[in-house]
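Following: one structure in structure tokens, then a few remarks.
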Amino acid sequence: MRLAEIWRHPIKGHGREALDGFDIAEDGTVPGDRVWAVVHEASKQRGAEWAPAANFQRGAKLPALMAITAESGTDAVTLHHPERPDLTFDPDGDNRVFLDWIAPLLDPGRASPTGIVRSAERGYTDTDFPSISLNNVASLDALAAYMGRDLSRHRWRGNLWIDGAAPWAEFEWIGREVALGTARFRVAERITRCRATMADPETGRIDGDTLGALEAGWGHRDFGVYLTCLAPGRVETGDELVLQ
């Protein structure tokens, strides 16, 4: 089993970015992943502390966001969307340029975004603990075959994609340790998915009932697993994944 792809999402729910590798600390996350998040009118998030996903603007409620890609630099993030001009801005600065840029992609029936917040430490992960998501290419292939269509990996907003494992084998690893590169992780829990996975990440439009297919084919809405880092190290694409 080998690591096929690495991804991070600088602004939670607003764009994906490929990486060749990263250094991780104990109890850390992928550096630069979900550093920022977009709060909205109904958000109860205060300050820079972690908060549940419902406090942030995300693809589960706004599928158009799923078509955003990102490039992060030292002082700026560049966002791309097929229906918008490219935007380069500083998420720590004046957010009005971002709010103007995102406005045409929003649903007027949803709470409007009010600004961008920066995480104090480990990023706005979807879990209340520092986590990294790991997905299995073979599991995606199995779901795609069941649905009779191609499915992009980007529907799942994963950090790590592994190749060479049996379909759904990752669920059998819960509680076990795995080595990737020079780092070591524990497989913490399965990932229960939301409506964001139903959107085509090229167009940002709902085009497939991934959740219904998971329920019908396997009796759950889970795809991928969360890892926690037990020992620091370097992780790169092509690294072997070794079960401990």
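Being a predicted model, the structure only gives us computed values, none of them experimental.
Tested against Arg155, the residues Thr197, Asp207, Asp200 include a single side chain to side chain donor-acceptor pair (under 3.5 Å) partner, Asp207. Considering Arg58, Gln57, Arg34 as possible partners of His14, the one that fulfils the side chain to side chain donor-acceptor pair (under 3.5 Å) test is Gln57.
The residues Arg16 and Glu5 are annotated as not salt-bridged, no charged nitrogen and carboxylate oxygen being separated by less than 4.0 angstrom. Here Arg8 pairs with Glu17 in a salt bridge; the nearest charged N to carboxylate O distance falls below 4.0 Å.
Side chains of Thr192 and Asp222: a donor on one and an acceptor on the other come within 3.5 Å. A donor atom on one side chain and an acceptor atom on the other are not found under 3.5 Å apart for Ser119 and Arg122.
In this structure, the side chains of Lys61 and Arg195 stay at 4.5 Å or more apart for every pair of heavy atoms. When side chains are defined from C-beta on, Trp101 counts as touching Arg84, because their heavy atoms get closer than 4.5 Å.
Interatomic distance, Asp75 CG to Asp92 CG, rounded to the nearest 0.5 Å: 9.5 Å. Expressed to the nearest 0.5 Å, how far OG1 of Thr29 lies from CD of Glu121 amounts to 10.5 Å.
Using bins of under 30°, 30° to 60° and over 60° for the plane-to-plane angle, the ring pair Trp218/Trp168 lands in the tilted bin.
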| task | Given side chain to side chain donor-acceptor pair (under 3.5 Å), test Ser152 with Glu202 step by step and report yes or no. | result | CA-CA 9 Å; Ser152 170; Glu202 296 299 319; 5.4 Å; no
